[in-house]
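The block underneath contains the structure these notes are about, expressed in C-alpha cells.
In this chain, residues are counted from 1 in sequence order.
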Amino acid sequence: MRLLRYGPAGQERPGLLDADGILRDLSSFAPDITGEVLSPASLAKLAALDPQGFPAVPGQPRLGAPVANIGKFIAIGLNYADHAAESNLPLPTEPTVFTKATSCIVGPNDEVTIPRGSAKTDWEVELGFVVGTRASYVPKERALEHIAGYVLVNDVSERAFQIERGGTWDKGKGCDTFGPIGPWLVTRDEVGDAQQLGMWLDVNGQRRQTGSTGTMVFDCATILSYLSEFMTLMPGDVVTTGTPPGVGMGMKPEPVYLKAGDVMTLGIDRLGTQRQTVVAWKEAA
C-alpha cells in the first residue's frame, strides 16, 4: 500500500494511492495516518479492504508528510563509504546518529527555505523507514518486523551550522523546512528488498547524486537494532539512513550550495519523487 496525507499544511487528511494511481480518502478508516494506523494489525485490516470503497479525491491537492505526529526524526550520517570520503571523514565503525527537529518536517513538494545567515545549504537524497511497532533491544534478525514502511527523505543540511558551529550536527539539520518527507509511505511488503533501491537527486535539472541503497554501510535492520539499544523507537518514528555521494559540499574543485530559485528533484525506486523550490529566508510579518 501507498499511504499519504493531503491538503493544506496543518489540515491534512489521510489518503491512499490505489493501483491505478487514484488518490482515495481514508477518513472513514482513520482520522489521520499516525503510529496507531501503522501497526501490523491495522495495516492488515486496511489491506483487506477494497480501495474502491473509499472516495476518490479530485484534482491534485498538496501532499503533506505521509505520517502525522512524528515523535522522533532520527538520522544516520556517513552511511555510504564514498560520501564519507567526499566529506573527508573516516568511515564509521558504528552508525553515526543525530536528530532532525520534528519542526523541520514538510511535504515532499513544499518550498525549502535557506535559513537566516546561511551560505552553505546543501541537499541529500535518503531512504527513510517508519517504525510500525515499539522497538527496544531488538535483535537484528527481528528488526525488519518493526518497520511499517519506507519513505523518500531530503535531508537538507546547512554545512556551516553543522560543522563550523561547535561540532554538533543537529544545528545544521533541523532548520525549518529541512525535512521534506514523502510523497507517500510504501508498506514493507510492497517495497520488498529495501537494500536494492536506486536513488537520485538533480539540482536545476543537473544530476548531482546517483546511488543505491545496496551500498549502505549499515543496512536498515542493523540501524533499527542499533538505535533500539539507546532509545525505544515508537510507532510513527522516522529514521533516515544516509546519503550517497554527490552533495554540494563534496563537489570539486569548489563546493556548490543552494541559492534562492534553485529547484531540487529527487527520487528512490518504488518510493516516488519530490520537487522543492529553494527560497530565501525572510522575516515574518
Counterpart residues, side-chain hydrogen bond (donor to acceptor under 3.5 Å, both in side chains), relative to Glu145 (two or more places apart): Arg142
Rounded to the nearest 0.5 Å, what separates atom CG in Leu43 from atom OG1 in Thr187? 7.0 Å
Output yes when Asp155 and Lys100 qualify as a salt bridge under the 4.0 Å nitrogen-oxygen rule, no when they do not. yes
Quick one: do Arg134 and Glu36 make a salt bridge, cutoff under 4.0 Å? no
Could you tell me if the side chain of Trp184 sits less than 4.5 Å from the side chain of Leu17, heavy atoms only? yes
Working for salt bridge (charged side-chain N to carboxylate O under 4.0 Å, His left out), residues Lys173 and Glu124: CA-CA 11 Å; Lys173 294 288 191 171; Glu124 295 190 15; 3.2 Å; yes
Short question: side chain of Arg116, backbone of Lys282 - any donor-acceptor pair under 3.5 Å? no
Pairwise side-chain contact, Leu271 with Leu127, heavy-atom cut-off 4.5 Å (strictly under): yes
Within the side chain of Thr213, is there an N or O that forms a donor-acceptor pair under 3.5 Å with the backbone of Gln196? yes
Quick one: are Tyr6 and Val57 in side-chain contact, heavy atoms under 4.5 Å? yes
Does the Gln274 side chain pair with the main chain of Leu152, one donor and one acceptor, at a distance under 3.5 Å? yes
Okay, side chain of Ser228, backbone of Val138: is any donor-acceptor separation there less than 3.5 Å? yes
Return yes if a side-chain donor-acceptor contact under 3.5 Å exists between Asp170 and Thr168, otherwise no. no
Taking the side chain from Glu12 and the backbone from Gly10, do they hold a donor-acceptor pair closer than 3.5 Å? yes
Salt bridge or not for Arg62 and Asp110, using N-O below 4.0 Å? yes
Return yes if some donor-acceptor pair links the side-chain N/O of Asp122 with the main-chain N/O of Met249 below 3.5 Å, else return no. yes
Separation of Ile163 CD1 from Lys171 NZ (nearest 0.5 Å): 12.0 Å
Residues Lys120 and Glu164 bridged, charged N to O under 4.0 Å: yes
Establish, from distance only, whether the side-chain atoms of Gln52 and Asp18 form a donor-acceptor pair under 3.5 Å. no
How long is the straight-line distance from CZ of Phe161 back to CZ of Phe178, given to the nearest 0.5 Å? 7.5 Å
Quick check: do Val97 and Ile74 have side-chain heavy atoms less than 4.5 Å from each other? yes
Could you tell me whether the side chain of Leu224 reaches within less than 4.5 Å of the side chain of His146, counting heavy atoms only? yes
Within the structure provided, determine whether Leu26 and Leu3 are in side-chain contact (heavy-atom separation under 4.5 Å). yes
Do Ser118 and Thr121 have a side chain donor and acceptor closer than 3.5 Å? yes
Working to the nearest 0.5 Å, report the span between CD of Glu111 and OG1 of Thr277. 6.5 Å
Could you tell me if Thr243 and Gln209 have a donor-acceptor pair between their side chains, going purely by distance under 3.5 Å? yes
Does a donor on one side chain sit under 3.5 Å from an acceptor on the other, for Ser27 and Arg13? yes
Contact check, side chains of Leu185 and Tyr150, non-hydrogen atoms, under 4.5 Å: no
Could you tell me the separation between the CZ atom of Arg188 and the CG atom of Asp193, rounded to the nearest 0.5 Å? 12.5 Å
salt_bridge(Arg165, Glu158) N-O dist < 4.0 Å: no
Give a yes or no on whether a salt bridge exists between Lys259 and Asp262, defined as a side-chain N under 4.0 angstrom from a carboxylate O. yes
Rounded to the nearest 0.5 Å, how far does OG of Ser103 lie from CD1 of Ile70? 11.5 Å
Decide yes or no for Lys72 and Met231: does some side-chain heavy atom of the first lie under 4.5 Å from some side-chain heavy atom of the second? yes
Stepwise side chain to side chain contact (heavy atoms under 4.5 Å, CB included) test for Ser212 and Met199: CA-CA 6 Å; Ser212 168; Met199 54 204 309; 5.7 Å; no
May I have the step-by-step check of salt bridge (charged side-chain N to carboxylate O under 4.0 Å, His left out) for Asp32 and Arg5, ending in yes or no? CA-CA 8 Å; Asp32 211 340; Arg5 299 169 64 245; 2.7 Å; yes
